[in-house]
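Predicted model, so just to flag it, every value in this text is computed and none were measured. Order of the sequence lines fixes the chain letters, A, B, ..., with proteins taken first and strands second; residue numbering starts at 1 for each chain.
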Number of protein chains: 2
Amino acid sequence: MSVPTIKFYVREGLLPAGELTSPNQASYGEAHVQRLRLIRALLDVGGLSVAGVRGVVTAVDDAEQPVHKVLGAATDPLVPRYDREPGDGIEEARKKVAGLIAARGWHADPSSPAAEALAVAIVALDDLGHGRFVEVLDTYADAAEGVARADLDYVARHVAREELVESAVVGTVLGDAIFSSLRRLAHMDASDSTFGRTTRGGGAE
Amino acid sequence: MSVPTIKFYVREGLLPAGELTSPNQASYGEAHVQRLRLIRALLDVGGLSVAGVRGVVTAVDDAEQPVHKVLGAATDPLVPRYDREPGDGIEEARKKVAGLIAARGWHADPSSPAAEALAVAIVALDDLGHGRFVEVLDTYADAAEGVARADLDYVARHVAREELVESAVVGTVLGDAIFSSLRRLAHMDASDSTFGRTTRGGGAE
DNA sequence: CCATCATAGATAGTGGCGCTATCAGATAGC
DNA sequence: GCTATCTGATAGCGCCACTATCTATGATGG
């Protein structure tokens, strides 16, 4: 982690400046190192842009607001934004999403970035000739509920209040990466038994 | 979708050139349009790079190989690549991953990109002070198994053999996006009930 | 005490990537 | 014919995540 890069992060508002002990000497503490790790995780593993990370850390630092609100502010930038022209089926997909949320009894905003991202994915699926895929949405939702429950459980057991927002961010981003990897591994297993069986102990390379 | 962009994709090897009916006239068919939709989905929703998409479509087009192998070749580029210096705990994480695969009885390659990505995520978690998070890995794996089963099921029911590879790619990428969105929605619900129903009567912790 | 060196801060530049603008040449359609 | 439009090829643009360079200041050490 080079010095100019760190200064770049400071300039970009991702990292607080070190405390100046003299005009050309600044001291950095453990908090700075921790913040750096968070930045790297969001950039590398989470795939966020610098602007996205700025949004996240701004919310994290601003943690005097009601928790519920800050959690949203911190995690909203984590989901990618799509610009959709209206009229290509997105309206319909949005309705489907709203219906799913209602059917599940979730207290979740149907106009949140996450819901919108889901609608966009459904449209893309439809465009690609996989409209029937929505049939398995319920299975996905079941799995998502299970995972979300485990996440909250972990937070309740291991996370102190003042770390809550940061943990939520980390868990959201890294949890996605983890689940995605596990799903891929499970696919390899399923695909192995369905299509490939046993060409020398591999999986689907 | 502008003409120069399409030509760019042709140059980059993402899209086959149209059939020349005369030196300055080429005809494009439904297959081209379909391929274009695939490219857009991979770039926009999947967040792949152009190079990544090239890897995918090369494998898709090359679908004369054994299915099992092509599936791997097509879906491997979907998982992001990380460069890790050895010695920062990645070895240990790799062992954990291998152990998990074994414990689950998965036929999956512990040196596959997906397994490596999982190891990297575990290291990142550890660096960020959430080493205990591995405790919930099993819950994640359960959910991943359920989703993977549903995926294979969908494929068996709705996907013809010649579309198999493309469907696998689409399903892998869009499935990730979908699950991620659903997980976020489920988080919102859980967080709402845990940290305060802000929308009606400000709870506040 | 003075030469050297490191650091802070600021400004400008670099390389990669996903397009996009421009150009000549060829031909379709009127 | 004449123009509009298409082709492929080349070069350029805009964004983004850094990185190199510069000056001023003070730490370091023989």
Side-chain angles (χ1 to χ4, degrees), chain A residues 1-29 31-33 35-58 77-85 120 124 169 173 177, chain B residues 1-29 31-33 35-58 77-85 120 124 169 173 177:
Chain A
M1 182 99 286
S2 79
V3 173
T5 299
I6 290 173
K7 298 215 250 181
F8 169 72
Y9 291 158
V10 173
R11 276 202 305 285
E12 291 293 318
L14 311 188
L15 186 67
E19 196 180 329
L20 276 182
T21 61
S22 91
N24 71 339
Q25 216 69 11
S27 85
Y28 299 86
H32 287 88
V33 179
R35 170 57 58 88
L36 265 179
R37 279 197 272 256
L38 175 63
I39 293 169
R40 296 307 325 172
L42 293 177
L43 288 177
D44 292 346
V45 184
L48 294 209
S49 67
V50 166
V53 175
R54 179 166 45 236
V56 171
V57 301
T58 303
L78 302 179
V79 12
R81 231 50 184 270
Y82 304 108
D83 295 339
R84 268 275 157 177
E85 322 280 310
V120 168
V169 169
V173 166
Chain B
M1 183 99 290
S2 80
V3 172
T5 301
I6 290 173
K7 298 213 248 182
F8 169 73
Y9 291 159
V10 172
R11 275 201 307 283
E12 292 292 319
L14 310 188
L15 186 67
E19 196 180 329
L20 275 183
T21 62
S22 90
N24 72 338
Q25 216 68 10
S27 86
Y28 299 86
H32 286 88
V33 179
R35 171 57 57 88
L36 265 179
R37 280 196 271 256
L38 175 64
I39 293 170
R40 295 309 324 173
L42 293 177
L43 288 177
D44 293 346
V45 184
L48 294 210
S49 67
V50 166
V53 175
R54 180 165 45 238
V56 171
V57 300
T58 303
L78 303 180
V79 13
R81 230 51 184 270
Y82 305 107
D83 295 338
R84 267 277 156 177
E85 323 280 311
V120 169
V169 169
V173 166

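Rounded to whole angstrom, the span from the CG atom of A:L48 across to the P atom of D:dA17 amounts to 10 Å. Between A:Q25 atom CD and D:dA24 atom P the separation is 19 Å, expressed in whole Å. Separating the CG atom of A:L20 from the P atom of D:dT25 is a distance of 14 Å, rounded to the nearest angstrom. To the nearest angstrom, C1' of D:dC16 lies 8 Å from CZ of A:F8. Atom CD in B:E12 sits roughly 15 Å away from atom P in D:dG8 (whole-Å rounding). Atom P of nucleotide D:dG8 and atom CZ of B:R11 are separated by 10 Å, given to the nearest angstrom. Across the protein-nucleic acid pair, A:I6 atom CD1 and D:dA17 atom C1' stand 15 Å apart, rounded to whole Å.
Heavy atoms only, all atoms of each residue included: B:T21 and B:S27 are closest at CG2-CB, 4.3 Å. In this structure, A:L14 and A:V50 approach most closely via the heavy-atom pair CD2-O, 3.6 Å. Nearest approach of A:V173 to A:G46, heavy atoms of both residues: CG1-CA, 3.2 Å.
B:L15 contributes atom CG, which lies 5.0 Å from atom CG of B:L36 (distance to the nearest 0.5 angstrom). Remark: B:T5 OG1 to B:I39 CD1 distance equals 11.0 Å, nearest 0.5 Å. Atom CD of A:E19 and atom NE2 of A:H32 lie 9.0 Å apart (nearest 0.5 Å).
Distance alone, capped at 3.5 Å, places no donor-acceptor pair between the A:R35 side chain and the A:P16 backbone.
When DNA chain C is scanned 5' to 3' for any atom under 4.0 Å from a heavy atom of chain B, the first and last hits are C:dG18 to C:dA28.
If you check the side chains of B:R40 and B:Y9, you find a donor sitting under 3.5 Å from an acceptor.
Side-chain contact between A:Q25 and A:L20: absent, with no pair of heavy atoms (C-beta onward) separated by less than 4.5 Å.
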(message) Output the pairing pattern of DNA chain D as a dot-bracket string, 5' first, Watson-Crick or G-U wobble with both distances under 3.5 Å, | for cross-strand pairs, [ ] for crossing pairs.
(response) ||||||||||||||||||||||||||||||
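One finds no side-chain N or O of A:Y9 lying less than 4.0 angstrom from the OP1 or OP2 phosphate oxygen of D:dA17.
Comparing B:Y28 and A:A51 by the nucleotide of DNA chain D that holds the closest heavy atom to each, the one mapping nearer the 5' end is B:Y28. Nearest-nucleotide mapping onto DNA chain D: of A:P4 and A:T21, the residue sitting toward the 5' end is A:P4. Nearest-nucleotide mapping onto DNA chain C: of B:S49 and A:V10, the residue sitting toward the 5' end is A:V10.
The residue A:P23 sits close only to the backbone: its heavy atoms come under 4.0 Å of sugar-phosphate atoms, none of a base. No contact: A:R54 has no heavy atom under 4.0 Å from any strand.
Note on residues 36-55 of chain A: no pairs pass ring-ring contact (aromatic ring centres under 6.0 Å, His included), not counting sequence neighbours.
With distances taken from any side-chain atom of A:S22 to the nucleotides D:dG26, D:dC18, D:dT7, the minimum falls on D:dG26. Distance from the side chain of A:L43 is smallest for D:dC18 among the nucleotides D:dC18, D:dT10, D:dG26.
Residue side chain B:N24 does not reach the base of D:dT7 through any donor-acceptor N/O pair under 3.5 Å, judged by distance alone.
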